[in-house]
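Right, one structure below, let's go through it.
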Amino acid sequence: MAGASSGSSSESLAFCTRRPRPRSPSPSAAPAPAVRAAPTTSLWTAGRRATSRTLVLERGGPAPSVPTALVASPPMAGKAPVLTPQSEDFPRWYQDVLNKAELADNGPVRGTMVIRPYAYALWERMVAEVDARIKGAGAENAYFPLFIPESYLQREAEHVEGFSPELAIVTVGGGKELEEPVVVRPTSETVIGEFMAKWVQSYRDLPLLLNQWANVVRWELRPRVFLRTSEFLWQEGHTAHASESDARSYAESILRNVYREFMVDVLAIPVLIGAKIAEERFAGATNTLTCEAMMGDGKALQMGTSHELGQNFATAFDMTFSDEHGEQQVCWTTSWGVSTRMMGGLIMAHGDDAGLRLPPRLAATQVVVIVVRDDDGAVTPAAAGLVADLAAAGVRARLDDRVSTGFGRRATEWELKGVPLRVEVGPRDLADGIVVVARRDDGTKEPRSITDVVPSVPALLAEVQDAMLAAATDARDRRTFDVGSVDAALEAAGEGFARLPWRLVDAAAIARLGASAVTVRCLQSPDGDLPGSTPEDELVAICARAY
RNA sequence: CGGGACGUGGCGCAGUCUGGAAGCGCACCGGCUUUGGGAGCCGGGGGUCGCGAGUUCAAAUCUCGCCGUCCCGACCA
């Protein structure tokens, strides 16, 4: 049972270099109040204290017109929390965020979702950023059909086998039974393979680098908005190469320079990169590379994958070319994708009890300028001027001049929606020549002179971006543990990621982990890079519970 | 697809056990007063009680079936 790679000495290895804190209370241990009473110390209190301190420090002098309410901070005692606290019920919190931040609804058909404008704007930002990087990698966009002949799927044995259970198949069209049923694409390797085979004749046609933005359908048994829906939006890249090494390096390059770079630099989500174990590979791939992120509850989320398909699809679709010597060769192909699942990752990696927190580079609205009140009609024009100046400075800013709605409500709403910076302008500020700038990431507020707030915003946004990445990285690292046994990995996975020597993981170990819903998310070299040429018995298996 | 919980105005819920005129809070609309962290008062609108069959004089309530949602498993971007 224990393979040669899994010596019995494993049980005696040190448990952890960094020991997990006492296992977090299981749901049953956390006494959920019968009525969701307002916590005595709300999140407001913390933020507010920081606020008053900052205000006093920065303003100096008598500061006679510091808005008293900012300092006095009437806590939200007596009010129900806006969202179910994460610590109480993380999945419920996620649902609450989707609803309250107006992100998405369930569609009428099970497993489908409606992406609301605010969330779709975020998706459009993701598309823009990822698309630019894909083009930077040399791939061109194209579009292939939604309907695929069922026979195409069947040409690659593992591919059909893997996807059959989740296919949606159309058997009737135009009121008539179809001669050959058509599959609603679950992914497009097969159609694209068919056409690549047609287009590639010579080594001069290679590499052929294509990408498409599309929707795909995979009938899901257990859907979850953004994370696992029966229809989702994504990008799927498909490439053909003259050699295995060229295909491999391209797949790796997409993972590192497109996906990881986007996730780290734009989403501010630190991701691990690694290779999937055989059981977790894409159906039909010879190697699957992945970006794995940690969510706020310590669970893992696969954020994107890049596959080496070897010659499996090229063989199935007769994708051949003549090489420099006039010899017929079979192509080597890759495919890679990221999807609307990243929306779920974004929400769960950064969100807190007050709602969404958006990294500035992604945020569709980076700064909201709020007219606190406007007694004499002078504040709104000033605020609108700030918005215009911010826009001119390249900042995505918008105005909130809904003064008929109370300030508190609007502030709460923008926090729910995760806008990185709020600029609050009221009559007193105007009289003092200041505005109050509030950061969503850490809740701090400080006054700025109205004349130099605009030029200071880009740097502040950059600071917020960096702080969010640093905080997410720190949170992940605190929940990552080096372990020396399967038992220790199981315990650590209750909390976050376990780094377990791969040589300790045999089939029996995978089964034991699986019994507790813990899986090997990926394999890495000891320094956290892709396995590459690292000897197999030196690899590290990242084990975790996953979405 | 297996186990569990649950479907009552947009959201959260009471009412269901023990059948007998659909209620509450928030949200929404109007008016006035408000507006520097979830406003107040007054007045309104909105629900074939998830859907379909039964039982009954009478069904949100009882019975059966189906659908959906959430959690836990098996499957996945």
Side-chain angles (χ1 to χ4, degrees), chain A residues 27 35-36 38 42-45 47-48 51 55 65-82 84 89-92 94-96 99-100 102 105-111 162-166 186-187 216 218-230 232-236 279-280 282-283 288 290-291 301-307 335-345 354 370-375 379 402-416 422 424-429 436 438 443 445 514-517 519 546-547:
Chain A
V35 179
R36 233 178 295 139
S42 71
L43 38 136
W44 300 113
T45 327
R48 207 66 63 57
T51 297
L55 274 171
S65 52
V66 169
T68 49
L70 278 182
V71 181
S73 83
M76 290 299 106
K79 296 258 188 196
V82 181
T84 303
D89 186 342
F90 198 84
R92 182 95 186 255
Y94 182 73
Q95 291 295 328
D96 285 355
N99 291 328
K100 300 264 176 80
E102 301 180 330
D105 275 330
N106 283 303
V109 172
R110 179 183 162 78
F163 280 106
S164 292
E166 32 185 2
T187 178
V216 285
R218 298 179 187 179
W219 217 257
E220 286 294 344
L221 302 177
R222 199 180 151 193
R224 224 153 139 40
V225 171
F226 287 130
L227 300 175
R228 202 184 302 104
T229 47
S230 287
F232 57 91
L233 306 183
W234 78 344
Q235 146 281 311
E236 51 178 321
E279 295 85 332
E280 306 260 342
F282 175 78
T288 289
T290 180
C291 291
L301 180 72
Q302 179 176 306
M303 298 270 290
T305 46
S306 183
H307 316 287
S335 69
W336 24 278
V338 291
S339 71
T340 37
R341 170 178 274 192
M342 290 193 297
M343 293 289 298
I370 303 184
V371 177
V372 177
R373 302 176 8 193
D374 195 358
D375 305 327
V379 182
R402 299 170 297 165
V403 288
S404 58
T405 300
F407 169 77
R409 169 163 303 280
R410 291 181 288 144
T412 303
E413 186 183 314
W414 292 117
E415 273 168 357
L416 260 170
R422 298 196 310 279
E424 305 171 355
V425 197
R428 292 173 218 161
D429 299 314
V436 174
K445 286 189 182 189
S516 302
T519 50
Y547 279 98

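Proteins come first, then strands; the chains are lettered A, B, ... in the order of their sequence lines, and each starts at number 1. Predicted model, so just to flag it, every value in this text is computed and none were measured.
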In whole Å, what is the span from the CG atom of A:Leu227 to the C1' atom of B:rC76? 12 Å
Give none if B:rA53 has no partner; otherwise give the nucleotide forming a Watson-Crick or G-U wobble pair with it, both distances under 3.5 Å. B:rU63
With A:Trp234 via ring pair (Phe, Tyr, Trp, His ring centres under 6.0 Å) - residues at least two apart: A:Phe232
For A:Glu413, all residues meeting salt bridge (Lys or Arg N to Asp or Glu O under 4.0 Å), sequence neighbours excluded: A:Arg402
Separation of A:Trp414 atom CH2 from B:rG38 atom P, in whole Å? 18 Å
Does the pair A:Glu415/A:Arg422 count as a salt bridge with the N-to-O cut at 4.0 Å? yes
Apply side chain to side chain donor-acceptor pair (under 3.5 Å) to A:Thr229 and list each qualifying residue two or more places apart in sequence or on a separate chain. none
Atom pair CG (A:Asp89) and OG1 (A:Thr84), whose distance is rounded to the nearest 0.5 Å: 6.5 Å
Under 3.5 Å side-chain donor-acceptor pair for A:Thr288 and A:His307: yes
Roughly, in whole Å, what's the span from OH in A:Tyr547 to P in B:rG73? 11 Å
N/O to N/O distances under 3.5 Å, protein versus nucleotides 42-44 of chain B:
none

From CG of A:Asp429 across to P of B:rU35 the rounded distance in Å is 15 Å
Considering every strand shown, what is the Watson-Crick or G-U wobble mate of B:rU34 when both distances are under 3.5 Å? none
Can you name the side chain to side chain donor-acceptor pair (under 3.5 Å) partners of A:Ser230, sequence neighbours left out? none
Kindly indicate, with the supporting measurements, whether the criterion side-chain contact (heavy atoms from CB on, under 4.5 Å) is fulfilled by A:Lys100 and A:Gln95. CA-CA 9 Å; A:Lys100 300 264 176 80; A:Gln95 291 295 328; over 6 Å; no
Atom-to-atom span, CZ of A:Arg409 to C1' of B:rC28 - whole angstrom: 11 Å
B:rA74, B:rA39, B:rG36: which one has an atom nearest the side-chain heavy atoms of A:Leu221? B:rA74
Quick one: pull up CZ in A:Phe226 and OG in A:Ser339 and give me the separation to the nearest 0.5 Å. 10.5 Å
Length of the line joining A:Lys100:NZ and B:rA27:P, which is rounded to integer Å: 12 Å
Quick one: which of B:rG38, B:rG36, B:rC75 gets closest to the side chain of A:Thr412? B:rG38
In whole angstroms, the gap separating P of B:rC13 from CG of A:Asp96 amounts to 10 Å
Report each atom pair, protein N/O against N/O of nucleotides 69-71 of chain B, whose distance is under 3.5 angstrom.
unit_1: B:rU69; atom_1: OP2; unit_2: A:Arg110; atom_2: NH1; d: 2.3
unit_1: B:rC71; atom_1: OP1; unit_2: A:Arg224; atom_2: NH1; d: 2.8

Taking pairing as Watson-Crick or G-U wobble with both contacts under 3.5 Å, can you name the mate of B:rU69, or confirm there isn't one? B:rA5
Report the C-alpha distance between A:Arg110 and A:Glu220 in whole Å, list the side-chain angles of each, state the deciding distance to 0.1 Å, and finish with yes or no for salt bridge (charged side-chain N to carboxylate O under 4.0 Å, His left out). CA-CA 9 Å; A:Arg110 179 183 162 78; A:Glu220 286 294 344; over 6 Å; no
Separation of A:Phe407 atom CZ from B:rG38 atom P, in whole Å? 9 Å
Residue A:Val82, side-chain heavy atoms: nucleotide from B:rG38, B:rG73, B:rC76 that is nearest: B:rG38
Report the nucleotide, chosen from B:rC76, B:rG73, B:rG36, that has the shortest atom-to-atom distance to any side-chain atom of A:Arg218. B:rC76
